[in-house]
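A quick write-up on the structure given underneath.
Along the sequence shown, residues carry numbers from 1.
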Amino acid sequence: MQLTAPATPRPGTPTRDADGMAVASFILGLLGLLVLNLFLGPIAIILSLVSLWRGTARKGRAYLGLALGVADLAVLAIAMAASNTVSWSL
């Protein structure tokens with residue numbers, strides 16, 4: 001009788017943490033458009049790339065997290081260029 005899950009998943013099946021990382025990258029990328037885009041953008045990019053590398057079943061959310069992370073950094077660059085400062089505020 002086995003009381004715990006096997007240590008390694010079966011080949012070809014995505015891990016639950018990869019699915020969670022895809023969702024987290026989407027949420028952090030979305031939040032990064034509003035606040036803390038300097039920090040949340042790169043985190044969203046990294047989480048989405050790792051979840052894609054691990055073979056997530058939620059590829060759409062991982063790609064959206066990647067796109068939103070890049071958009072976070074683009075919004076920051078545009079706002080910094082428009083205000084001629086290192087940071088931006090509304």
Side-chain angles (χ1 to χ4, degrees):
M1 183 166 125
Q2 186 174 356
L3 297 176
T4 60
T8 57
R10 289 175 281 155
T13 59
T15 57
R16 285 179 35 163
D17 58 335
D19 291 342
M21 281 191 272
V23 173
S25 71
F26 172 71
I27 292 170
L28 291 177
L30 198 58
L31 284 175
L33 289 174
L34 302 173
V35 293
L36 297 173
N37 48 2
L38 179 64
F39 299 108
L40 296 180
I43 292 172
I45 291 170
I46 291 169
L47 281 176
S48 64
L49 291 175
V50 170
S51 67
L52 287 170
W53 181 71
R54 288 188 180 185
T56 182
R58 299 178 182 206
K59 291 187 188 303
R61 290 205 181 133
Y63 285 125
L64 280 173
L66 180 63
L68 287 170
V70 171
D72 291 346
L73 297 179
V75 166
L76 178 65
I78 291 168
M80 284 173 36
S83 65
N84 293 326
T85 62
V86 179
S87 64
W88 66 280
S89 63
L90 295 175

To the closest 0.5 Å, what do you measure between [atom1] ([X]) and [atom2] ([Y])?
X     : Y     : atom1 : atom2 : value
Met80 : Leu38 : CE    : CG    : 8.0 Å
Lys59 : Asp19 : NZ    : CG    : 10.0 Å
Asp72 : Leu30 : CG    : CG    : 8.5 Å

What are the two closest non-hydrogen atoms of [X] and [Y], and how far apart are they?
X     : Y     : answer
Ser25 : Arg61 : OG-O, 4.0 Å
Leu52 : Tyr63 : CD1-CE2, 3.5 Å
Phe26 : Leu64 : CD1-CB, 3.8 Å

### Task
State whether the side chain of Asn37 and the backbone N or O of Leu73 hold a donor-acceptor pair below 3.5 Å, judged by distance alone.
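Side chain of Asn37 to backbone of Leu73: no pair is present.
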### Message
Check for me, please, whether Ile27 and Val75 land in the same ILVMFWY cluster - side-chain distances under 4.5 Å, paths through other members count.
### Response
yes
### Task
Check whether any side-chain heavy atom of Leu36 lies under 4.5 Å from a side-chain heavy atom of Phe39, and answer yes or no.
yes
### Task
Evaluate the side-chain proximity of Val23 to Arg58: yes if any heavy-atom separation is below 4.5 Å, no if none is.
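A side-chain contact exists here, since the closest heavy-atom pair is under 4.5 Å.
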Which pairs of donor and acceptor atoms, one on a side chain in residues 40-51, lie under 3.5 Å apart (sequence neighbours left out)?
unit_1	atom_1	unit_2	atom_2	d
Ser48	OG	Ala44	O	3.1
Ser48	OG	Ile45	O	2.8
Ser51	OG	Leu47	O	3.3
Ser51	OG	Ser48	O	2.9

